[in-house]
Enquirer: 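Handing you this structure, nothing more for now.
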Amino acid sequence: MKGIILYRSQYGSTEQYARWLAEDMKLPFMELEQAREQDIRPYGFLIIGSNIKVGHIQAAEWIKEHWDWLKEKRLLLFSCSGSYSDAEEQKKVLESSLPPEISGSFRYFPLPGRLNKDELTFWDRVIVFLGSKTVPDEAARKRMKHGFDYVDHEQLGQLKEVVKRFKQVVV
Ligand SMILES: Cc1cc2nc3c(=O)[nH]c(=O)nc-3n(C[C@H](O)[C@H](O)[C@H](O)COP(=O)(O)O)c2cc1C
């Protein structure tokens, strides 16, 4: 089965994973906003990559908007965030970003992202500053205060195993 990677990234970490995945798995990739139904129709499976902001998967609106034809595909989703290792938090983010009939159709892989405070827009800096004062979890507060870089090629291992299996499916 043929597949394609679509990604949405603001500061580059989700895009970095999309590029690694494309290289390793020999798959095409493109920015989510540029993907049109006619380009995607030939592919049996889609891997959608998205950054997370304020507890929301940023690709969610696009996914909902295109759900009438996306639902025919096999679907994988990966996200980039600071709270990637908190399974409960990730489940909540997925469920609050997408309705159950959509979120339940994806196999989901939360991946570790990057926050470089020097790169942020003014408003993103304000949001991160306010978040660093108000989130209850101390580790999250520290990440927001100082930034972090957890982007790591090795984190794609599990996702690549699933992609390998999808590629072997004969249609
Ligand atoms: C304004 C803003 C809000 C964010 N909100 C969250 C959040 O709610 N939870 C989280 O785990 N990470 C959050 N992050 C961290 C991003 O998910 C992380 O930096 C991610 O790697 C960004 O992806 P990108 O480089 O592809 O844009 C936030 C970052 C910014 C700038």
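Read the numbers this way: they start at 1 and go in the same order the structure lists the ligands and their atoms.
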Enquirer: Ignoring hydrogens, what is the shortest heavy-atom contact between Ser50 and Gln58? Give both atom names and the distance.
Expert: OG-N, 3.1 Å
Enquirer: Tell me, which protein residue and heavy-atom name are nearest atom 27 (O) of ligand 1, and how many Å apart are they?
Expert: Tyr11 N, 2.7 Å
Enquirer: How are the rings of Phe148 and Tyr150 set to each other: parallel, tilted or perpendicular (split at 30° and 60°)?
Expert: parallel
Enquirer: So which protein heavy atom does atom 21 (O) of ligand 1 come closest to, and at what separation?
Expert: Ser13 OG, 2.8 Å
Enquirer: Where is the nearest protein heavy atom to atom 3 (C) of ligand 1: which residue, which atom, and how far?
Expert: Val54 N, 3.7 Å
Enquirer: By number and element, which atoms of ligand 1 are closer than 4.0 Å to a non-hydrogen atom of Gly113?
Expert: 21 (O)
Enquirer: Only heavy atoms of Ser9, strictly under 4.0 Å: list the atoms of ligand 1 that pass.
Expert: 24 (P), 26 (O), 27 (O)
Enquirer: Does Gln158, at its CD atom, have more than 12 non-hydrogen atoms belonging to other residues, nucleotides or ligands within less than 6.0 Å?
Expert: no
Enquirer: Going by distance only, is there an N or O of Cys80 that falls short of 3.5 Å from an N or O of ligand 1?
Expert: yes
Enquirer: To which of Arg114, Glu15, Arg125, Lys117 does the heavy atom nearest atom 18 (C) of ligand 1 belong?
Expert: Arg114
Enquirer: Should you measure from each heavy atom of Gln10, which atoms of ligand 1 turn up under 4.0 Å away?
Expert: 24 (P), 26 (O), 27 (O)
Enquirer: Over all heavy atoms of both residues, which pair between Ala18 and Tyr7 is shortest? Give the atoms and the distance, please.
Expert: CB-CD2, 3.7 Å
Enquirer: To the nearest 0.1 Å, how far is atom 28 (C) of ligand 1 from its closest protein heavy atom, and which atom is that?
Expert: Ile52 O, 3.7 Å
Enquirer: Can His66 and Glu61 be counted as having a side-chain donor-acceptor contact under 3.5 angstrom?
Expert: no
Enquirer: List every atom of ligand 1 that sits less than 4.0 Å from any heavy atom of Leu120, numbering the atoms from 1 in the order shown and giving each element.
Expert: 31 (C)
Enquirer: Indicate yes or no for a side-chain donor-acceptor contact from Lys91 to the backbone of Asp86 under 3.5 Å, with no hydrogens or angles considered.
Expert: no
Enquirer: Please find the pair of heavy atoms, one from Trp20 and one from Asp152, that lie closest to each other, and give the distance.
Expert: CZ3-C, 3.8 Å
Enquirer: Around atom 8 (O) of ligand 1, find the nearest protein heavy atom and jot down its residue, atom name and distance.
Expert: Gly55 N, 2.7 Å
Enquirer: Could Arg74 and Phe166 be counted as a cation-pi pair, given that NZ or CZ must be under 6.0 Å from the ring centre and within 45° of the axis?
Expert: yes
Enquirer: Looking at Leu77, Ile48, Asn51, which one forms a side-chain contact (heavy atoms from CB on, under 4.5 Å) with Ile57?
Expert: Leu77
Enquirer: Applying a 4.0 Å heavy-atom criterion (strictly less than), which segment of Val93 is in contact with ligand 1: side chain, backbone, both, or neither?
Expert: neither
Enquirer: Any side-chain heavy atom of Lys73 within less than 4.5 Å of one from Phe45?
Expert: no
Enquirer: Purely on distance, is any nitrogen or oxygen of Val128 under 3.5 Å from one on ligand 1?
Expert: no
Enquirer: Looking only at distance, does Arg8 have an N or O less than 3.5 Å from an N or O of ligand 1?
Expert: no
Enquirer: For ligand 1 and Gly82, I'd like to know whether there is a polar contact (N/O to N/O, distance under 3.5 Å).
Expert: yes
Enquirer: Do me a favour and list the nearest non-hydrogen protein atom to atom 29 (C) of ligand 1 with residue, atom name and distance?
Expert: Leu115 CD1, 3.8 Å
Enquirer: With rounding to the nearest 0.5 Å, note down the distance linking CH2 in Trp67 to CD in Glu72.
Expert: 9.5 Å
Enquirer: What protein heavy atom is closest to atom 11 (O) of ligand 1, reported as residue, atom name and distance in Å?
Expert: Ser83 OG, 2.7 Å
Enquirer: Counting both backbone and side chain atoms, is some N or O of Ile127 under 3.5 Å from an N or O of ligand 1?
Expert: no
